[in-house]
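Some notes on the structure that comes next.
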2 protein chains.
Amino acid sequence: MRKTMQNNNIKPTDSELEILQILWKSGYSTVKDVNDELNKLRSVGYTTTLKTMQIMFEKKLLGRERSGRSHTYVALIKENETKNMLLDKVLQTVFAGSASKLVMQALGQNKASKKEISEIKKFLNDLENEEV
Amino acid sequence: MRKTMQNNNIKPTDSELEILQILWKSGYSTVKDVNDELNKLRSVGYTTTLKTMQIMFEKKLLGRERSGRSHTYVALIKENETKNMLLDKVLQTVFAGSASKLVMQALGQNKASKKEISEIKKFLNDLENEEV
DNA sequence: ATCTATTTACGAAAGGTTTCGTAGTTAAGA
DNA sequence: TCTTAACTACGAAACCTTTCGTAAATAGAT
C-alpha cells in the first residue's frame, strides 16, 4: 500500500478546478491560453481568470515563470491525486465511506453504457487477480 | 428511462448535507435532536444548527411542524435523488461525464474490500441482464 | 522616444456560508 | 400569577468565492 504524498492538501474550488483541468490537459499555459479555453465553455473576463490564477499561485496550486511580458503557469498538484481526493470527499461525506454504495449509485442510473460496463468488469477481474 | 422529479433543484451546502444525513437517518427530529447528533461528530452551537435549519426550511429543503414549544423538522428532498445529484456533479466536473473513469478511480486505491468488489460484480451482471 | 496593445497587480463589490450573541416568546411548574 | 428553562427569531460578523474595473508596468512597433 503506497503512500501518496501531495505538495499540499488544499481543496480547489470549482473555478480553480476548471482551470486545473485545462492545465492538466494543455500543460504550460499563459493566462490568455487558459482564458481562451475557458471561454469555449462559458463567458469569463480576462482579469477574472488572471485573478483566480494569481490566487492559485499564492495557494501553491500553480507554479509560474516569467516568459517575456507574461507568465507561464503550470499545475503543481497532480491530476490523479486531486481527483482521488475529490472523490474521496464525496465518498466520505455522501456515502459514509462505502465505495460499493458509491459505485452502485454511479452505475445504477443509466450513467454507464454497455461498453463502459464491460470495461469495468474487466477492470474488476484484473483487480482481483493482482491482489494475491 | 425514468424521469426523476425532485421538489426543487437546490444544491445543499456542506453543513446542510450534514443535517440532511441526520434527518434521513433519524426521520422527524427537533433542532435539539439534530444538534445533539451533530455534536457527536464536532462541536456546534445550538443556535448555529437552528439557524441553518431555518435557512433550509426557507429553501424548502426541510419541512416543519409546531409541536408544543418547538418545531419538528423533516427532510423534503429524497436521500437517493440528492446523493445521485451530488455524485453526478462530481461525475461531470471531475470525470468529464465518464462513469467508468469515476468507478475505476473509486476502486483503484484499495477503497473497496474483496467483499465489496464481488458485490459490485454481481451488481454489474444483474445490470447487464436486466437491460434487454 | 513615443504610442499602443498586452499583461499584471490591486482593490473592492456582490453574493454565499457558517457561526454565534442577544432578545423575545412560549409553556410548564411552583 | 410569576418565574424560569427551552426554544425561536433576528441580525450581524467573519470568512470565502467569484467577478471585474482601474491603474500601472512592459515591450514591441512606428
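Note that the coordinates shown come from a computational prediction; the quantities given were computed from them, not determined experimentally. Hydrogens, waters and symmetry mates are skipped; everything else that's a heavy atom, side chains included, is used. Convention: sequence-line order gives letters A, B, ...; per-chain numbering from 1.
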Close side-chain approach of B:V44 to B:R42, heavy-atom, < 4.5 Å: yes
ILVMFWY cluster, B:I55 and B:I19 together (side-chain gap under 4.5 Å): no
Shortest side-chain distance from A:R69, nucleotide among D:dA5, D:dG28, D:dT19: D:dG28
A:S67 side chain to A:T72 side chain, donor-acceptor N/O pair below 3.5 angstrom: yes
Short side-chain N/O contact from B:Y46 to OP1 or OP2 of D:dT8, under 4.0 Å: yes
Positions of residues 25-35 of chain A (non-hydrogen atom under 4.0 Å from DNA chain C), listed by number: A:V31, A:K32
Selection: residues 47-58 of chain A, any non-hydrogen atom under 4.0 Å of DNA chain C: A:T47, A:L50, A:K51, A:Q54
Minimum heavy-atom distance B:K11-B:M85, with the two atoms named: CA-CE, 3.9 Å
A:T93 backbone acceptor or donor facing B:Q21 side chain under 3.5 Å: yes
Salt-bridge present (B:E16, B:K59; N to O < 4.0 Å): yes
Donor on one side chain, acceptor on other, B:N35 and B:N39, under 3.5 Å: yes
Check: A:W24 side chain, A:I77 main-chain N or O, donor-acceptor pair, under 3.5 Å: yes
Nucleotide range of DNA chain C lying under 4.0 Å from chain B heavy atoms: C:dT17 to C:dA28
Contact under 4.0 Å: B:R64 side-chain N or O vs D:dA9 OP1/OP2: yes
5′-ward residue of the pair A:T72/B:S15 relative to DNA chain C: A:T72
